[in-house]
Amino acid sequence: MKEYLDIALEAGAKAGEIIRENFHKKKLIDYKGRINLVTNVDREAEKVVIETIKNYYPKHNILTEETEYAQDPDQEYCWVIDPLDGTTNYVHGFPFVCVSIALQRNGKSIVGVVYNPILHELFHAEKGKCSFRNNEPVSVSGNADFSKSLLATGFPYDMLNDERNNIQNFAQVIKNCRGIRRPGSAAIDICYVACGVFDGYWELELYPWDTAAGIVILDEAGGKVSKFDGSEFSIFDKEIVASNGKVHEELLKVLNLRD
Ligand code: IPD
Ligand code: CA
Ligand code: CA
């Protein structure tokens, strides 16, 4: 039987090909909310990822963005999939998009693959081994000075109705760091912390598929992830702070400031 990582890489490569082939083509767009888009490519990529996994492990649980599957509570393995993270970017031709695939065992990510087929960046990690970008080991930045940090974040789709719309946090953090980016793909944002591009990242109102692969890649690269109060993060939580570990406390402190 193929290794779990190889299955995730095979599924990611197939989805990546679909994402790349369609990048400059006209997409069919549906609205899941006012600014929450889904395209035919999200659905096609999801189909190929699930077919690939089911071909090897038909009984494993599947948690994926665009289709609901029944969960077997006695099954210890669950594949957590975002077939296209960064759909808004994809629709507008901004090349910051990826397929994100994680395998969780008893609720912990043990394999993560995040693949941007447009910029040809493939991140992968397995629990207990290291993290890689295009097969080269990566690690988090060494910066411990929060005032010199480059950070990333994102904003929830339902920001008009959601009090936790992150605007207040953004305003606080921007005054204390070197800069903040809003790249538009949570999975890549976390991988960019893993490889030292960003010193930290935070976001609210995400879903399990946005973070499940990124957190094992970050962990194996020496980074840290928590909730806003510093406690342990689970992919079902609605807030995440990810960092190189060295600016983590400062980032938490600023996020918890209130005007
Ligand atoms: C979105 C992206 C974005 C984040 C959103 C996510 P999608 O995922 O990760 O960066 O800010 O909250 O929902 O919808 O493109 O898969
Ligand atoms: Ca997503
Ligand atoms: Ca998605």
Side-chain angles (χ1 to χ4, degrees), residues 11-12 15-16 18-19 22-23 27-50 62-69 79-102 109 112-119 121 123 151-167 169-170 173 180-194 197-198 200-215 217-218 225 233 235-242:
I18 293 172
I19 293 168
N22 286 281
F23 187 56
K27 292 113 194 155
L28 302 171
I29 300 168
D30 284 329
Y31 285 78
K32 298 195 279 186
R34 183 182 68 90
I35 54 168
N36 188 357
L37 313 177
V38 57
T39 73
N40 57 308
V41 183
D42 296 68
R43 295 194 173 107
E44 284 166 36
E46 185 177 78
K47 189 162 172 270
V48 79
V49 170
I50 287 161
I62 303 264
L63 185 60
T64 183
E65 183 168 12
E66 311 305 343
T67 311
E68 207 170 315
Y69 285 86
W79 295 84
V80 186
I81 302 151
D82 194 334
L84 207 176
D85 188 45
T87 299
T88 307
N89 288 345
Y90 192 68
V91 164
H92 289 265
F94 185 66
F96 213 72
V97 299
C98 66
V99 47
S100 173
I101 301 169
S109 294
V113 165
V114 171
Y115 177 40
N116 179 342
I118 314 300
L119 300 181
E121 280 193 310
F123 292 90
L151 307 171
T153 191
F155 298 90
Y157 289 125
D158 195 22
M159 63 147 59
L160 298 186
N161 304 310
D162 193 340
E163 272 184 7
R164 287 164 55 93
N165 62 18
N166 204 25
I167 292 172
N169 294 322
F170 186 93
V173 178
I180 306 177
R181 301 292 178 261
R182 196 290 188 237
S185 161
I188 304 180
D189 293 344
I190 299 169
C191 291
Y192 274 27
V193 180
V197 173
F198 298 136
Y201 160 80
W202 82 95
E203 193 159 347
L204 297 148
E205 308 297 329
L206 291 175
Y207 288 90
W209 41 82
D210 295 312
T211 57
I215 56 170
I217 293 168
L218 177 64
V225 62
F233 171 79
I235 58 170
F236 294 96
D237 286 319
K238 286 300 187 187
E239 54 184 47
I240 180 170
V241 181

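Just follow the structure's listing: the first ligand is 1, and inside any ligand the first atom is 1. The structure displayed is predicted, hence computed values, not measured ones.
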Exercise. Measure the distance from atom 4 (C) of ligand 1 to every protein heavy atom, then report the residue, atom name and distance (to 0.1 Å) of the closest one.
Key: Glu203 OE2, 3.1 Å
Quiz item: With no hydrogens and no angle check, do the side chains of Asn166 and Thr153 hold a donor and an acceptor under 3.5 Å apart?
Solution: yes
Quiz item: Any chance the side chains of Ser100 and Asp85 put a donor and an acceptor closer than 3.5 Å?
Solution: no
Practice problem: Tell me, please: is Thr153 in heavy-atom contact with ligand 1, that is, under 4.0 Å? | Solution: no
Exercise. Please work out whether the ring planes of Phe155 and Phe170 are parallel, tilted or perpendicular, with thresholds of 30° and 60°.
Key: tilted
Quiz item: Given Gly154, Ala152, Gly184, which has its nearest heavy atom closest to atom 3 (C) of ligand 1?
Solution: Gly184
Exercise. Please examine the side chains of Glu205 and Asp158, heavy atoms only from C-beta on, and report whether any two atoms are closer than 4.5 Å.
Key: no
Exercise. Select the closest option to atom 16 (O) of ligand 1 among Asp82, Ile190, Ile188, Asp189, judged by heavy-atom distance.
Key: Asp82
Exercise. Could you tell me whether some N/O pair between Ala186 and ligand 1 is separated by less than 3.5 angstrom?
Key: yes
Practice problem: Could you tell me whether ligand 1 has any atom less than 4.0 Å away from a heavy atom of Gly86? | Solution: yes
Self-check item: N, O or S atom within Asp82 nearest to the Ca ion (ligand 3), by name
Solution: OD1
Quiz item: Would one find more than 12 heavy atoms of other residues, nucleotides or ligands at under 6.0 Å from atom NZ of Lys47?
Solution: no
Quiz item: Is Tyr201 close to Leu218 at the side-chain level, that is, under 4.5 Å between some pair of heavy atoms?
Solution: no
Quiz item: Counting backbone and side chain alike, does Asp85 bring an N/O/S atom below 3.0 Å of the Ca ion (ligand 3)?
Solution: no
Practice problem: Please check if atom OH in Tyr207 has more than 12 non-hydrogen atoms from other residues, nucleotides or ligands closer than 6.0 Å. | Solution: no
Exercise. Calculate, to the nearest 0.5 Å, the distance between atoms CZ and CG belonging to Arg181 and Leu151 respectively.
Key: 10.0 Å
Practice problem: Report, in ascending order of atom number, the atoms of ligand 1 lying under 4.0 Å from any heavy atom of Leu84. | Solution: 16 (O)
Quiz item: Hey, does Tyr157 sit under 4.0 Å from ligand 1 if you only count heavy atoms?
Solution: yes
Practice problem: Measure the distances from the heavy atoms of Glu65 to every atom of ligand 1 and state whether one is below 4.0 angstrom. | Solution: yes
Quiz item: N/O/S atom of Leu84 under 3.0 Å from the Ca ion (ligand 3), yes or no?
Solution: yes
Self-check item: Which N, O or S atom of Glu65 lies nearest to the Ca ion (ligand 3), by name
Solution: OE1
Exercise. Could you tell me whether Arg182 approaches ligand 1 through its side chain, its backbone, both or neither, with non-hydrogen atoms closer than 4.0 Å?
Key: side chain
Self-check item: Identity of the nearest option to atom 2 (C) of ligand 1, non-hydrogen atoms only, from Leu206, Asp85, Val97
Solution: Asp85
Practice problem: Check whether any side-chain heavy atom of Phe198 lies under 4.5 Å from a side-chain heavy atom of Val193, and answer yes or no. | Solution: yes
Quiz item: Do we get Lys27 above Tyr90's six-membered ring, with its NZ or CZ under 6.0 Å from the centre and within 45° of the axis?
Solution: yes
Quiz prompt | Proximity of Ser185 to ligand 1 by residue part, where a heavy atom lies under 4.0 Å | solution = backbone
Quiz item: Under a 4.5 Å cut-off applied to non-hydrogen side-chain atoms, are Ile101 and Trp79 in contact?
Solution: yes
Quiz item: Taking both backbone and side chain into account, is any N, O or S atom of Asp210 nearer than 3.0 Å to the Ca ion (ligand 2)?
Solution: yes
Quiz prompt | Thr87-ligand 1 polar pair, N/O distance under 3.5 Å | solution = yes
